[in-house]
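For reference, the structure is listed below as structure tokens.
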Amino acid sequence: MMRIKTPKKGRVKRELEKRAPKLVETGKKTLILQGTKTSSILNAVLSEICHLKKGGVVRYTRKNDNIRPFESGGETSLEFFSLKTDCSIFVYGSHSKKRPNNLVIGRTYDHHIYDLVEVGVENFKSIESFTYDKKLAPLMGSKPFIAFVGEGFENVDELKHLKEVLLDLLRGEVVENINLAGLDRAYVCTAISSNKVYLSHCALRLKKSGTVVPRMELVEVGPSMDLVVRRHRLPNEGLRKEAMKTAKDQPKKKIKNVSTDAVQGTIGKIYIPDQKIGDMALPNKAKGVKRERREAKKKEANEHASKKQKEESE
């Protein structure tokens with residue numbers, strides 16, 4: 001039996017909790033690796049993807065001969081590398097006579113293979129082959145627009161699956177707010193046929209439009225390529241349910257003594273403790289009053305004593 005070791009140090013425990021699956025995931029890192037045989041085109045494609053994902057990518061250039069994503073037993077090394085680098089998306093490149101310039105894009109859940117899409121690269125153009133004003137070059141780490149053009153992304157299962165994987169691969173870290181001035185790039189995916197997609201990378205140029213909203217133009221800056229879907233594998237139902245868990249909408253905690261009304265708005269009740277009047281400093285307990293009372297009592301006592309003495313003398 002396999003012995004499970006539990007972390008003893010707090011630092012190790014916190015690090016493992018960061019790598020564990022979360023209801024709301026942070027930015028996903030991408031792992032790029034290659035098989036035993038690659039072509040010059042495929043090496044350029046992997047380099048361009050690494051350049052576009054700079055800051056959130058880990059690349060291995062060593063050849064791996066025991067990675068076969070679609071075969072049973074050939075996923076062990078991929079899962080090991082995913083656990084080692086803490087990457088939840090991977091791009092694996094290989095080249096053969098049967099499948100030239102082959103790319104396998106996949107996602108993992110809890111460092112186990114979740115789904116796979118295999119595409120072939122055709123008509124590749126690198127960034128260097130495009131001429132444009134270098135001032136328009138997108139900045140590293142900027143958030144992109146992603147546009148999917150064509151009915152195939154809604155009707156064809158292969159392209160639906162490819163759309164989900166490309167979204168996870170290209171969108172970067174998920175954020176709630178974004179500065180519109182920082183949007184300087186766009187990925188345009190066009191469905192040419194039921195199994196072919198044209199992917200291009202464009203820079204955004206802002207021009208005067210006569211209104212407050214500027215007119216935007218796309219300037220292709222590369223890379224661009226045709227992706228031909230060859231094989232794809234969807235996740236099994238059990239793993240899909242586990243990965244799609246979401247937090248239940250928790251009811252708002254009731255606040256005591258506060259109610260809301262459609263007319264009056266928020267109404268609150270304030271409870272004041274009972275006032276202890278007996279301990280309060282009242283006017284008849286002032287020092288001057290007490291002294292007068294003492295003097296009056298003393299005077300009464302003296303008068304009473306003098307009367308008593310007179311009665312005894314008589």
Side-chain angles (χ1 to χ4, degrees), residues 28 30-34 38-57 59 69 89-95 99-107 115-132 136-173 183-205 216-232:
K28 297 181 178 181
T30 304
L31 174 65
I32 298 178
L33 31 73
Q34 59 195 47
T38 56
S39 62
S40 59
I41 295 175
L42 197 59
N43 289 333
V45 171
L46 296 177
S47 298
E48 298 285 326
I49 295 175
C50 185
H51 176 72
L52 294 175
K53 297 279 294 179
K54 194 172 183 180
V57 65
R59 185 178 181 186
I89 306 174
F90 65 87
V91 180
Y92 173 72
S94 62
H95 179 75
R99 291 186 176 88
N101 301 325
N102 197 58
L103 277 182
V104 178
I105 308 171
R107 296 179 290 179
D115 60 352
L116 299 167
V117 176
E118 184 181 69
V119 295
V121 179
E122 296 179 357
N123 303 324
F124 172 72
K125 292 182 181 180
S126 65
I127 296 176
E128 298 176 354
S129 62
F130 290 88
T131 56
Y132 57 92
L136 297 175
L139 300 175
M140 186 184 72
S142 60
K143 291 287 292 181
F145 283 111
I146 305 177
F148 292 91
V149 183
E151 296 180 356
F153 291 112
E154 303 296 331
N155 303 329
V156 183
D157 292 338
E158 289 83 354
L159 296 188
K160 276 185 184 179
H161 191 195
L162 181 62
K163 176 183 176 180
E164 293 179 6
V165 175
L166 288 178
L167 271 175
D168 267 352
L169 177 66
L170 301 175
R171 70 180 175 178
E173 188 174 352
L183 293 170
D184 57 358
R185 69 172 74 195
Y187 293 101
V188 182
C189 304
T190 307
I192 300 173
S193 64
S194 60
N195 67 334
K196 194 172 186 178
V197 174
Y198 174 68
L199 172 64
S200 61
H201 179 222
C202 303
L204 296 178
R205 175 186 289 171
M216 304 178 73
E217 288 187 355
L218 297 179
V219 179
E220 197 167 1
V221 297
S224 67
M225 65 192 87
D226 291 335
L227 301 177
V228 182
V229 181
R230 290 171 178 168
R231 290 185 290 179
H232 77 114

Worksheet item: Are Glu122 and Asn101 close enough that a side-chain donor and a side-chain acceptor fall under 3.5 Å?
Response: no
Item to complete: Could you walk me through whether Glu118 and Arg99 pass side chain to side chain contact (heavy atoms under 4.5 Å, CB included), step by step?
Response: CA-CA 10 Å; Glu118 184 181 69; Arg99 291 186 176 88; 3.2 Å; yes
Item to complete: Go through Glu48 and Ile127 one step at a time and tell me if the side chain to side chain contact (heavy atoms under 4.5 Å, CB included) criterion holds.
Response: CA-CA 8 Å; Glu48 298 285 326; Ile127 296 176; 2.8 Å; yes
Response to the item:
Paired with Leu227, the side chain to side chain contact (heavy atoms under 4.5 Å, CB included) test is passed by just one of Asn195, Ile192, Leu199, namely Leu199
Item to complete: Of all the heavy-atom pairs spanning Pro223 and Phe124, show the shortest one and how long it is.
Response: CB-CE1, 3.9 Å
Fill in: Note, Leu46 side chain near Gln34 side chain (heavy atom, < 4.5 Å)
yes
Discussion item. Quick test of your reading of the model: are Glu220 and Lys125 salt-bridged, counting only N-O distances below 4.0 Å?
Written reply: no
Worksheet item: Can you name the nearest heavy-atom pair linking Val197 to Cys189, along with the distance?
Response: CG1-CB, 4.0 Å
Item to complete: May I have the step-by-step check of side chain to side chain contact (heavy atoms under 4.5 Å, CB included) for Phe130 and Val221, ending in yes or no?
Response: CA-CA 6 Å; Phe130 290 88; Val221 297; 5.6 Å; no
Item to complete: Taking all heavy atoms of Cys202 and all of Val188, pick out the closest pair and write down the distance.
Response: SG-CG2, 4.5 Å
Discussion item. Nearest 0.5 angstrom please: Glu217 CD to Leu136 CG, how far?
Written reply: 10.0 Å
Discussion item. Using side-chain heavy atoms (C-beta onward) and a distance below 4.5 Å, is Leu103 in contact with Val45?
Written reply: yes
Discussion item. Please check this pair: side chain of Arg185 against backbone of Leu139, looking for a donor-acceptor N/O pair closer than 3.5 Å.
Written reply: yes
Worksheet item: Can any side-chain N or O of Ser47 pair as donor or acceptor with the backbone N or O of Asn43 at less than 3.5 Å?
Response: yes
Worksheet item: Does a donor on one side chain sit under 3.5 Å from an acceptor on the other, for Arg59 and Thr30?
Response: no
Worksheet entry | Asp115 side chain to His161 side chain, donor-acceptor N/O pair below 3.5 angstrom | yes
Item to complete: Decide yes or no for Leu116 and Tyr92: does some side-chain heavy atom of the first lie under 4.5 Å from some side-chain heavy atom of the second?
Response: no
Fill in: Over 12 non-hydrogen atoms of neighbours within 6.0 angstrom of CD1 in Ile41
no
Discussion item. Test your reading of the model: is there a side-chain donor-acceptor pair from Lys53 to the backbone of Leu169, 3.5 Å cut-off?
Written reply: yes
Fill in: Worked check of side chain to side chain contact (heavy atoms under 4.5 Å, CB included) between Phe145 and Asp184
CA-CA 8 Å; Phe145 283 111; Asp184 57 358; over 6 Å; no
Worksheet, complete the sentence: Here the pair of heavy atoms bringing Lys143 nearest to Arg171 is NZ-O, 2.8 Å
Discussion item. I need the minimum non-hydrogen distance between Leu159 and Phe153, along with the two atoms involved.
Written reply: O-CD2, 3.6 Å
Worksheet item: So His201 and Tyr187, would you call those rings parallel, tilted or perpendicular, with 30° and 60° as cut-offs?
Response: parallel
Worksheet entry | Minimum heavy-atom distance Ile146-Leu167, with the two atoms named | CD1-CD2, 3.9 Å
